[in-house]
Amino acid sequence: MAMTTETAGTPRTYDVRTYGCQMNVHDSERISGLMEDAGYVRAADTDAADVVVFNTCAVRENADNRLYGNLGHLRPTKLKNPGMQIAVGGCLAQKDKGDIVKKAPWVDVVFGTHNIGSLPAMLERARHNEEAQVEILESLEVFPSTLPTKRESTYAGWVSISVGCNNTCTFCIVPSLRGKEKDRRPGDILAEVRALVAEGVLEVTLLGQNVNSYGVEFGDRLAFGKLLRACGEVEGLERVRFTSPHPKDFTDDVIAAMAETPNVCHSLHMPLQSGSDTVLKAMRRSYRQEKYLGIIEKVRAAMPDAAITTDIIVGFPGETEEDFEQTLEVVRRARFSSAFTFQYSKRPGTPAATMEEQVPKAVVQDRYNRLIATLEDITWSENKKLVGEKVEVLVAVGEGRKDERTGRMSGRARDGRLVHFATGDLTGDRAPRPGDIVETVITYAAPHHLNADGDPLSHRRTRAGDAFEAGRTPKLKGVSLGLPSIGVPAPLPPATDGCAL
């Protein structure tokens, strides 16, 4: 029986604060779904929420300092309102466990990446027992997709196809916090996709720490390509994306599926990390420069319009100037449309943290600045090629910070590029809504976005736009796998900060 938090007819309120990768963003949707199933309502005033949940990241630099700083800011509020509760979950909770309560005794609940479903019960226990509850499991309690979900968008949704990661990259702590890869069955994934589409969602992003190794658990190395093709048969699904693949598992059948399935977008996030074979070996990234560039060439041959994005780490231990120049060479040859760039920093618990030849901070900063300059030249040049081209834009909310001042609206083209567009005479009741589709022509290119300042060529109202206008977001009860628990398990618009996998 679901618990309720209602007291004298007044439900308690909650606020979820998310840090980290796309997996954390998706987990926060599960947390919101669980809280609402338990009778909580989302706080209109986040500063006055009865329950504040931090969904944390352990990958990004200063993750610990950010969490404890934010917890410190809440302490005076908690002292004024003893009925308030604070919960900490996610990767940092999985890593630090009970140390969180020792450092911040005003925290009520600490839960890990494997037992999100325990949160409402732990909050109730903490209230009843008047003491902090810490529960960190080393294996999944239930597959996350069996949990209720409060989706954040009417028009786009994440669908987790696997959890965990079987790789052993020396800079990454994710496998030890998320566990070994565990795959969902294709039928369960497609059932969730269809349920989202039935609610009006137009775009789905298939999500996994290593999304294209999908199928390893049930022995089908072609499973991911088959899944993409199956998504192409879902009526009403207009855009399919996925993140993040690993070059070592990226096969020709996936390229063919992308090229031949009309609703699979020609956008690809392919983490590079380094262009140096020496550094890739030290990172335990089991591909080399030529294999990586070979994948890019095959993708471009099959889809000349493909927009390819990447992750790059600068200053990995032992990286020489020659190694860094190899990274710049790959950047020049790959012609990325954008990149997530990171300066290497130690992560306790990872092999790289104890490696010798840590690169001095000043050297890392100089290389980072040069990388950014090279990338911006390339992305701007690539974007300029689109001036005069017609694009289809899925109207979004929150993508254009200057929209109110400029009178534009914003959204994403099919290739994932950000487009700010003028609405022309589409005003009032005829104005595009988030979730609607607009066709327009690019008039200006910047390194990180495109502008379309002419009148739109067309505007299609959609069910997703209807749902946005009605104030509805999809709320799913979870997709049953027939598996209440599984064995030991082992990353995108975005949370506060992203991780480089």
Side-chain angles (χ1 to χ4, degrees), residues 20-27 30 57-59 90-91 94-95 112-117 136-147 158-190 192-193 205-228 230-231 241-251 253-254 257 269-271 273 283-287 311 347 349-351 479 481-492 498-501:
C21 65
Q22 297 96 329
M23 193 67 76
N24 271 20
V25 175
H26 193 42
D27 283 349
R30 307 283 181 202
C57 172
V59 175
C91 289
Q94 189 75 23
K95 180 173 77 73
T113 59
H114 300 320
N115 62 318
I116 290 173
I136 306 291
L137 301 185
E138 298 306 319
S139 61
L140 279 183
E141 192 173 59
V142 296
F143 202 99
S145 295
T146 64
L147 303 175
W158 304 102
V159 174
S160 178
I161 70 171
S162 64
V163 292
C165 181
N166 293 342
N167 295 316
T168 57
C169 302
T170 54
F171 56 80
C172 185
I173 198 170
V174 166
S176 67
L177 303 178
R178 292 278 181 180
K180 292 291 183 183
E181 180 172 331
K182 197 75 181 174
D183 294 332
R184 293 175 72 188
R185 290 287 167 175
D188 299 308
I189 296 167
L190 292 169
E192 184 173 355
V193 170
T205 301
L206 304 176
L207 181 62
Q209 301 291 164
N210 180 9
V211 71
N212 60 313
S213 66
Y214 174 72
V216 65
E217 190 184 16
F218 48 85
D220 184 356
R221 63 184 299 274
L222 302 180
F224 186 60
K226 294 175 184 176
L227 182 62
L228 290 177
C231 286
R241 304 187 190 279
F242 57 89
T243 195
S244 289
H246 193 297
K248 78 177 179 63
D249 298 309
F250 204 80
T251 51
D253 67 293
V254 172
H269 185 71
M270 181 66 73
Q273 309 304 5
M283 288 178 168
R284 289 191 201 147
R285 299 285 289 181
S286 46
Y287 55 89
D311 296 331
R347 290 293 174 272
T350 63
V479 180
L481 302 177
L483 294 173
S485 63
I486 62 178
V488 180
L492 185 350
C499 65
L501 296 182

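Values reported hereafter were calculated over all heavy atoms of this structure, with side chains retained and with hydrogens, waters and symmetry mates removed.
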Any non-hydrogen side-chain atom of [X] less than 4.5 Å from a side-chain atom of [Y]?
{"X": "Asp183", "Y": "Phe224", "answer": "no"}
{"X": "Leu190", "Y": "Leu227", "answer": "yes"}
{"X": "Thr113", "Y": "Cys91", "answer": "yes"}
{"X": "Glu217", "Y": "Lys182", "answer": "yes"}
{"X": "Asn210", "Y": "Asn166", "answer": "no"}
{"X": "Val159", "Y": "Ile189", "answer": "yes"}
{"X": "Cys231", "Y": "Leu206", "answer": "yes"}
{"X": "Gln209", "Y": "Val163", "answer": "no"}

Shortest non-hydrogen contact from [X] to [Y]?
{"X": "Pro247", "Y": "Pro271", "value": "CG-O, 3.5 Å"}
{"X": "Val254", "Y": "Leu228", "value": "CG1-CD1, 4.1 Å"}
{"X": "Ser244", "Y": "Asn212", "value": "O-OD1, 4.5 Å"}
{"X": "Arg184", "Y": "Phe218", "value": "O-CE2, 3.8 Å"}

Gap separating the [atom1] atom of [X] from the [atom2] atom of [Y], nearest 0.5 angstrom:
{"X": "Phe171", "Y": "Arg284", "atom1": "CZ", "atom2": "CZ", "answer": "11.5 Å"}
{"X": "Met283", "Y": "Cys172", "atom1": "CE", "atom2": "SG", "answer": "11.0 Å"}
{"X": "Tyr214", "Y": "Phe242", "atom1": "OH", "atom2": "CZ", "answer": "14.5 Å"}

task: Please test Asn167 against Lys248 for side-chain contact (heavy atoms from CB on, under 4.5 Å), starting from the C-alpha separation and ending with a verdict.
output: CA-CA 10 Å; Asn167 295 316; Lys248 78 177 179 63; 2.7 Å; yes
- request: Step by step, work out the side-chain contact (heavy atoms from CB on, under 4.5 Å) result for Val211 and Ile161.
  value: CA-CA 7 Å; Val211 71; Ile161 70 171; 3.3 Å; yes
message: Please enumerate all residues that pass salt bridge (Lys or Arg N to Asp or Glu O under 4.0 Å) together with Lys226, with sequence neighbours excluded.
response: Asp220
message: side-chain contact (heavy atoms from CB on, under 4.5 Å) for Val216 and Arg221? Distances and angles first, verdict last.
response: CA-CA 6 Å; Val216 65; Arg221 63 184 299 274; over 6 Å; no
Partner residues of Thr168 under the side-chain hydrogen bond (donor to acceptor under 3.5 Å, both in side chains) criterion, sequence neighbours left out: none
With Tyr287 via ring pair (Phe, Tyr, Trp, His ring centres under 6.0 Å) - residues at least two apart: His246
message: Please evaluate residues Glu181 and Cys165 with respect to the criterion side-chain contact (heavy atoms from CB on, under 4.5 Å), reporting the C-alpha separation (whole Å), side-chain torsions for both, the decisive distance (0.1 Å), and the verdict.
response: CA-CA 5 Å; Glu181 180 172 331; Cys165 181; 5.9 Å; no
message: Asp253: which residues meet the side chain to side chain contact (heavy atoms under 4.5 Å, CB included) condition with it, sequence neighbours left out?
response: Leu222, Thr251
